[in-house]
Every structure is written in structure tokens, then in C-alpha cells.
Amino acid sequence: MSVAALRHDWTRDEVVALFALPFNELLHRAHGVHRANHDPNAVQVSTLLSIKTGGCPEDCGYCPQAARYHTGVKAEKLMAVDAVVARAQAAKDAGASRFCMGAAWRSPKDRDVAQVAEIVSAVKALGLETCATLGMLTDTQAQTLKHAGLDFYNHNLDTAPEFYSEVIHTRDYQDRLDTLEHIREAGLKTCCGGIVGMGESREQRAGLLQTLANLPEHPQSVPINQLVQVEGTPLYGTDALDPFEFVRTIAVARMLMPASMVRLSAGRQQMDDAVQALCFFAGANSIFYGEKLLTTGNPDVEHDRALFRRLDLHALEVAEEAGTVHADIIETEAASCGQGCGCSAAA
């Protein structure tokens with residue numbers, strides 16, 4: 001299978017059938033697709049900075065930034081331009097070329113977008129690629145961010161359409177699809193994935209991936225998050241997903257979206273090294289890197305470096321698409337939902 005074989009017409013039965021393949025057969029097929037489209041020993045390295053934390057009016061069942069849940073996350077205002085630029089400069093000095101920014105809004109007001117556009121322009125002036133996740137956008141807001149120099153926008157679908165109302169009630173699935181359409185029409189690159197382990201069935205996991213793969217354009221980055229259970233959120237106490245089922249999800253994502261970067265996002269702290277190794281073999285080629293994935297834990301830097309050495313992996317230095325270094329290494333003190341979910345709280 002190659003980039004030329006991209007499809008946008010997957011049926012649910014086809015995707016469920018891939019999940020049902022014998023584990024070794026599924027990994028064999030997925031790795032073949034991965035190898036045909038990517039360097040199988042290279043991993044994109046990224047980190048996220050929250051520029052506006054907490055106080056979100058949404059009721060996403062996994063998110064500690066929701067104002068209605070008591071999780072210990074304090075609401076903070078949007079960071080000043082100078083403060084963000086200082087973080088961006090530190091990232092550039094550390095060798096980064098792409099700077100990711102997240103803000104906990106349901107849907108920003110035009111004045112909020114104008115402020116973020118100013119931040120984006122200032123960061124872009126440093127010679128960095130820019131990425132943001134701010135919640136739902138109008139077409140005009142997406143154009144504003146594009147004109148400011150934004151390169152990527154993160155907005156996740158979270159789960160299958162039929163399971164969505166079990167997790168979120170304050171926005172509709174179509175709202176997410178509409179924002180993705182505005183992003184594409186503005187000429188921004190998309191980062192879009194979801195969260196597994198929220199109590200959904202295998203068929204519903206297949207539904208998430210089917211929906212992603214059947215978008216008019218495959219997301220350039222597909223974050224696959226494993227639920228990080230935070231006390232005080234409704235999904236705290238959910239039965240944990242079998243780790244091999246998570247690996248299956250990575251493998252199927254790779255087969256459905258051959259050219260996309262498939263990212264191990266939230267939940268890596270819950271995975272042992274062997275599970276991560278299987279994920280890399282199955283087609284994952286991007287991770288969040290750092291001591292924390294904002295409010296939730298993430299394997300520390302030295303552990304990741306040691307794992308890369310043990311697996312003979314190397315950080316992806318040059319993106320073929322943009323010709324830039326993807327090593328978004330920045331400080332991550334600020335808070336997020338930690339799911340890498342694009343719920344307007346994280347990327």
C-alpha cells in the first residue's frame with residue numbers, strides 16, 4: 001500500500017474487519033504500510049504549551065480543565081505576548097522549529113482570536129512553525145489565524161459519532177466537523193484524532209478511525225490518546241483499555257491513513273516500554289516529549305531517550321513536507337486536559 005492508495009470511502013464493516021485480524025497479521029500488514037510511507041525508525045518529537053488554562057465551560061467527561069469539575073486546575077488568563085515569545089525563543093534555542101499553543105476555550109471570541117493572532121505573528125517572526133488549538137472556530141477566525149502565520153490547527157473528533165453524546169453534551173459532533181472544514185478551507189494543516197479507553201466498544205473505536213479516514217483530507221497528524229483518568233472527572237474509574245487493543249488501534253489508524261503522522265499522545269505513562277515498541281512497529285511515528293504532558297504525567301526525557309536507543313529509533317529531524325525540524329521541546333508548566341485531544345484545552 002502506498003500514498004497513491006489513499007481512500008476516503010472506508011465502510012464500518014471494513015474497519016471492524018481490520019480490528020478483528022489476528023494480532024500478528026494486523027501488525028504485519030500495518031508495518032508494511034508504515035514502511036512504504038515513512039522511515040520506520042524515525043519518530044517525530046513534539047511538546048505542547050498551554051497559553052490559557054482552565055475555566056472551560058464544556059462538560060467533556062475526561063477533561064480536568066472543565067470549570068464544573070473539581071480537579072485542582074486553576075483558571076488562568078491568556079498569557080501575554082512577550083511571555084509566549086520568551087518560551088518560543090527558548091524552544092528555538094533548544095533546537096525546535098515548531099511551537100504548539102493550546103487555550104482552554106469552548107469557542108474563542110473574535111477579540112480572543114485577535115490576541116492569539118498577535119501571539120502567532122510574534123512567534124512566526126522568530127522563524128518557527130506555529131500550531132494552535134483554541135476550540136471551535138468560525139471561517140473568519142480560521143482565516144485570521146492563517147493570515148497571522150499559523151501553520152497547523154488541532155481539533156479532535158474524540159470518539160465515534162454514536163458514542164460522542166456519552167462523553168460530551170455541550171457541543172455536537174457536527175460542531176467539530178464544521179471547525180475542521182473551516183480549518184481546511186483556510187488552508188491550515190489539520191491535527192485531528194481522538195481518545196480511546198473511555199468505555200467505548202471496539203466497533204466505536206473503529207467508527208472514530210473510519211470518520212477520520214473519510215474526512216475530505218486525511219489529517220496531517222493523527223493523535224491517538226489513551227484516556228488519562230483524572231479524579232473529579234466523570235470518566236474517573238472507567239475500566240482500563242487492554243494495551244493490545246490500543247496497539248490494534250494504532251495499527252488500524254496507520255492502515256487507514258498511510259501518509260499521516262500517527263501520534264502516541266496522552267496515556268504513554270501508562271504504557272510499558274514493550275507496548276510502546278509494538279506501537280512504533282504498528283505505525284506510530286510521533287510522540288509528545290517531556291517530563292509532563294501538561295497536567296498529566298508523561299515519560300521523562302531521559303527515559304524516552306533511553307527507549308529510543310534500545311529500539312534504534314531516532315528523532316525525525318527534517319519533515320519532508322515542510323523541510324523543518326520537528327522537535328518542539330519547550331517547558332510545560334501550564335495546565336491542559338492532558339488528553340492531547342483538541343477539546344480546546346490541549347493538542
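Since this is a predicted model, take the numbers as computed values, not measurements. In this chain, residues are counted from 1 in sequence order.
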- Report the C-alpha separation of Phe281 and Leu311 in whole Å, then their side-chain angles, then the decisive distance to 0.1 Å, and conclude whether the side chain to side chain contact (heavy atoms under 4.5 Å, CB included) test is met. CA-CA 10 Å; Phe281 185 82; Leu311 299 178; over 6 Å; no

- Under 3.5 Å donor-acceptor, Gln229 side chain and Thr238 backbone: yes

- Any idea which heavy atoms bring Gln143 and Ala186 closest together, and the distance? NE2-CA, 3.5 Å

- Item | Contact summary for Leu188 and Ala142, nearest pair of heavy atoms | CD1-O, 3.9 Å

- Message: Closer than 3.5 angstrom, by distance alone: can the side chain of Tyr173 be matched with the main-chain N or O of Thr159 as a donor-acceptor pair?
- Response: yes

- Can you measure from CE (Met261) to CD (Gln44) and round to the nearest 0.5 angstrom? 4.5 Å

- Between Gly187 and Lys146, which heavy-atom pair has the shortest distance, and what is it? O-NZ, 3.3 Å

- Message: Measuring from atom CG of Asn41 to atom CG of Asp312, what distance do you get when rounded to the nearest 0.5 angstrom?
- Response: 7.0 Å

- Glu118 CD: over 12 foreign heavy atoms closer than 6.0 Å: no

- Message: Closer than 3.5 angstrom, by distance alone: can the side chain of His218 be matched with the main-chain N or O of Arg7 as a donor-acceptor pair?
- Response: yes

- Is a donor on one side and an acceptor on the other found under 3.5 Å between the side chain of Asn285 and the backbone of Val262? yes

- Query: So, do Leu241 and Leu227 sit near enough that their side-chain heavy atoms are less than 4.5 Å apart?
  - Reply: no

- Are Leu209 and Trp10 close enough, and set up right, to give a side chain to side chain contact (heavy atoms under 4.5 Å, CB included), and what steps lead you there? CA-CA 9 Å; Leu209 298 184; Trp10 291 93; over 6 Å; no

- Query: Atom OG of Ser260 and atom CD of Glu217: how far apart are they, to the nearest 0.5 Å?
  - Reply: 9.0 Å

- Message: Could you tell me if the side chain of Tyr164 sits less than 4.5 Å from the side chain of Arg171, heavy atoms only?
- Response: yes

- Can you tell if the side chain of Val120 reaches within under 4.5 Å of the side chain of Met101, non-hydrogen atoms only? yes

- Query: Are Val43 and His314 side-chain neighbours, meaning at least one heavy-atom pair lies under 4.5 Å?
  - Reply: no

- Might you work through the side chain to side chain contact (heavy atoms under 4.5 Å, CB included) test for Met136 and His155, ending with a clear yes or no? CA-CA 8 Å; Met136 294 183 290; His155 198 69; 4.1 Å; yes

- Under 3.5 Å, side chain of Arg35 to main-chain N/O of His38, donor-acceptor pair present? no

- Without swapping roles, check the side chain of Tyr153 against the backbone of Leu134 for a donor-acceptor pair under 3.5 Å. yes

- Message: With a 3.5 Å distance limit and no angle check, can you tell me whether Asn214 reaches the backbone of Asp9 through a side-chain donor-acceptor pair?
- Response: yes

- Query: Do any N or O atoms from the side chain of Arg202 and from the backbone of Val16 form a donor-acceptor pair under 3.5 angstrom?
  - Reply: no

- Passes side chain to side chain contact (heavy atoms under 4.5 Å, CB included), Arg254 versus Asn37? Steps please. CA-CA 10 Å; Arg254 170 50 67 217; Asn37 292 274; 5.9 Å; no

- Item | Test item: Ser107 side-chain N/O and Gly135 main-chain N/O as donor-acceptor pair under 3.5 Å | no

- Message: Is it true that, when you exclude Phe244 itself, more than 12 heavy atoms of the residues, nucleotides or ligands shown sit nearer than 6.0 Å to its CZ?
- Response: no

- Message: Using 0.5 Å steps for rounding, measure from the OG1 atom of Thr211 to the CG atom of Leu256.
- Response: 10.5 Å

- Message: If I compare all heavy atoms of Met255 with all of Ala30, which pair ends up nearest, and what's the gap?
- Response: CG-CA, 3.7 Å

List the atom pairs, with distances to 0.1 Å, where a side-chain N or O of residues 177-184 and a protein N or O form a donor-acceptor pair under 3.5 Å, not counting sequence neighbours.
| unit_1 | atom_1 | unit_2 | atom_2 | d |
| --- | --- | --- | --- | --- |
| Asp178 | OD1 | Gln174 | NE2 | 2.8 |
| Thr179 | OG1 | Leu137 | N | 3.2 |
| Thr179 | OG1 | Asp175 | O | 3.4 |

- Message: Any carboxylate oxygen within less than 4.0 angstrom of a Lys/Arg side-chain nitrogen, looking at Arg268 and Asp304?
- Response: yes

- Note on the structure: side-chain contact (heavy atoms from CB on, under 4.5 Å) with Ile224: of Asn156, Val252, Ile250, Ile195, only one passes, and it is Ile250

- Query: Closest approach of Ala251 and Leu27, non-hydrogen atoms and distance?
  - Reply: CB-CD1, 4.5 Å

- Ala148 versus Ser121, closest heavy-atom pair with distance: O-OG, 3.1 Å

- Task: Report, as yes or no, whether the 6.0 Å neighbourhood of atom NE2 on His8 holds more than 12 heavy atoms from other residues, nucleotides or ligands.
- Result: yes

- Taking atom CD of Gln276 and atom CZ of Phe246, what is their separation to the nearest 0.5 Å? 9.5 Å

- Message: For the CD1 atom of Ile287 and the CZ atom of Phe280, what is their distance to the nearest 0.5 Å?
- Response: 5.5 Å

- Message: Tell me if a side-chain donor or acceptor on Arg205 pairs with a main-chain N or O of Glu245 at a distance below 3.5 Å.
- Response: no

- Query: Residues two or more places apart in sequence or in another chain: which of them pass salt bridge (Lys or Arg N to Asp or Glu O under 4.0 Å) with Arg310?
  - Reply: Asp273

